[in-house]
Amino acid sequence: MKEFGGKVLFLDRSDINTDEIIPAKYLTEISKEALKPHMLEDLKLEGFDPRSPEAKEAGVIVTRANFGCGSSREHAPWVFEVNDINVVIASSYARIFRQNMFNCGMLAIELPGETIEKLFAHRGGAKISVDFKNDRLTIESAKGKETFDYPISGFDKALVEAGGWVDFADAKY
Amino acid sequence: MAMTLSEKVFRAHLRDEPFPGTKVLGIDVVMCHEITTPIAINDLVARGKDRVFDPAKIKVVIDHVTPAKDTKTAQQGKILRDWARRQGIRDFFDIGRNGVCHAIFPESGFIRPGYTVIMGDSHTCTHGAFGAFAAGVGTTDLEVGILKGVCAFREPRTIRVNINGRMPEGVHAKDVILRVIKELTVNGATDCVIEFHGEVVNAMSMEGRMTLCNMAIEAGGTSGVCMPDEVTVDYLWPFISSGYKDKKEALKDFEKWRSDEGCQYVKVLDIDVTGMSPQVTVGYKPDQVKDVSEVEGTAVDQVYIGSCTNGRIEDLRVAASYLKGRTIAPTVRGVVSPATPRVFRQADEEGLIRIFMDAGFCVTNPTCGACLGMSNGVLAPGEVCASTTNRNFNGRMGKGGMVHLMSPAVAAVTAIEGRIADPRKYGKGGVK
Ligand code: SF4
């Protein structure tokens, strides 16, 4: 089982769409690796620099509502994957993006707005580790350490355990 | 028990429920284009599973960038083309026969009431206009669809939108759906199907219904849905006539999919279109919608008429009715992309192509092109485009560009004036 977690990239905005995560002009690439330098290139967010260390070293994204809306492109989860980000935490998702994350064996964790607020309070050098077995995550920063349980459906958990939907479906159907 | 259309389709297609709330459905149509499919094909090849579950149920088109603009897009087309040939996929639309996926597949009669449809494209919701459950998916879902013919969904809840009243002159399906998105907001329909009902929808052509359903995803919806009726039967008749005694029998068969009286809705929205203004988006989210009067006069650099939302024959007829005998402003670049070769040919036969060209429009081949900023009309930073497409995201039609979404009627008069304009000023059929 792979490890989930790492340094946190906070994206303080709702409705971040997949065009912002990976612009359409890179959809002509036919390898995931080629997407790597273009993560969040067109994100409209005051003060955000996709080339900053915070973005480059991140293992987890914490953000607001309706993350991943718009185009169905799985290039969005892929660009995270090739940048070693395998967990996104948001107060809600667009359906296709959320499914794409689990289909790739990655985590799209949904937490209530108040909990997201508590995570944002750790801004500046925060780290999140995920206890996948027990559906629990821990955030750690200069402000201290907090642990939260998160909901995950049986299906989504099975997809992660199987390493994604292709392996799950291939074994079963 | 009273059921919604989607609940009926789910029940009829259920293959497995591996976990409570997760339904694995058999899929009737798996649609593929050159942007999201090649990586699925490559992965299947790498896994030693270069197979398809049923070549007759897979429909393939090269539409986003066509003809290829560079080596990379040529390669994407080649992967898809070679695969379609290798797998014996007969319904493959290549250059000369290709058009925008969500226009050419329904036009070819591939979608029927009660079907399940998936594609690696978020606007797959368009096909719900036929009374189907049609959902956009990612490449992994597409890959499993290709290999196994199944896809997993949480059973969606349904929002009912009743659209009633009298459609004013100069107001069209696009204005109605922009208004609906404004009300629902960009995530108001997440994990929901949006059902469109009411006298306005009943009176709409299949083209208009496709425009409505096309933008369900802009409110986060899994699919847009219209109830199958006589209009659906008439549209599909050339493809289904051998299977039914007459249209009445087909209608009876289709009607079994309609939502039952007394079924469960999570929300009901009533829209009265009487006196409604043409709608235009501002900003970078499709729910930022205003009456045209509030944005009238905004200068634009380009007008784009086309896409899976508004590139069909009715859309071109509406735009041409305003452009006939007029020319576009010298400050504006006009681009029109008929959505399919059939639309192109029909527009030509009706003299519409001539009208567009005389007005000063560039007429391109059928393709997605400028809609996603990949070819045929990409914006420069700081430029503004009046567009009949469905997304106004930052950078959508070119980095640093601004997109205002609108109907073909508003787009046409905007082209004439060089500024966002109100088609109602031009009177019926564009005669001022
Ligand atoms: S026309 Fe635009 S929205 Fe429609 S399928 Fe093509 S790129 Fe997507």
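The sequence lines fix the lettering, A, B, ..., with proteins before strands; numbering per chain opens at 1. Please read these numbers as outputs of a predicted model, since none were measured by experiment.
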Verify side chain to side chain contact (heavy atoms under 4.5 Å, CB included) between B/Y284 and A/K44, making sure each step is shown before the conclusion.
CA-CA 10 Å; B/Y284 300 114; A/K44 222 176 161 51; 3.2 Å; yes

Backbone of [Y] reached by a side-chain donor or acceptor of [X] within 3.5 Å:
X: B/R396; Y: A/P23; value: no
X: B/Q76; Y: A/L27; value: yes
X: B/R391; Y: A/G70; value: yes

Which bit of A/D42 comes within less than 4.5 Å of chain B, counting heavy atoms only: side chain, backbone, both or neither?
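Both backbone and side chain.
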
Check each atom of A/T18 against the heavy atoms of chain B and say whether the ones under 4.5 Å are side chain, backbone, both or neither.
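No part of it gets close to chain B.
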
For [X], is it the side chain, the backbone, both or neither that has a heavy atom under 4.5 Å from a heavy atom of chain A?
X: B/T139; value: both
X: B/V65; value: neither
X: B/I39; value: side chain
X: B/I35; value: both
X: B/L44; value: neither

Assess the side chains of B/T36 and A/E74: does a donor N or O sit below 3.5 Å from an acceptor N or O?
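No.
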
Polar contact flag, side-chain donor to acceptor under 3.5 angstrom, B/D141-A/N103
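Per modelled atom types, B/D141 and A/N103 side chains form a pair under 3.5 Å.
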
What distance separates B/N187 CG from A/S14 OG, expressed to the nearest 0.5 Å?
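One gets 8.0 Å once the value is rounded to the nearest 0.5 Å.
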
Check [Y] with [X], please: is the shortest side-chain N to carboxylate O separation under 4.0 Å?
X: B/D16; Y: A/K172; value: yes
X: B/K148; Y: A/D170; value: yes
X: B/D191; Y: A/R98; value: yes
X: B/R47; Y: A/D167; value: yes
X: A/D156; Y: B/R154; value: yes

Hey, which of B/A152, B/G373, B/G400, B/G220 has the most heavy atom pairs under 4.5 Å with chain A?
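Of B/A152, B/G373, B/G400, B/G220, B/A152 has the most heavy-atom pairs under 4.5 Å with chain A.
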
Give a yes or no on whether B/K69 atom NZ has more than 12 heavy-atom contacts from other residues, nucleotides or ligands under 6.0 Å away.
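For B/K69, atom NZ is crowded (more than 12 foreign heavy atoms under 6.0 Å).
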
Do other residues, nucleotides or ligands put more than 12 heavy atoms under 6.0 Å from the NZ atom of A/K25?
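Check passes, neighbour count above 12.
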
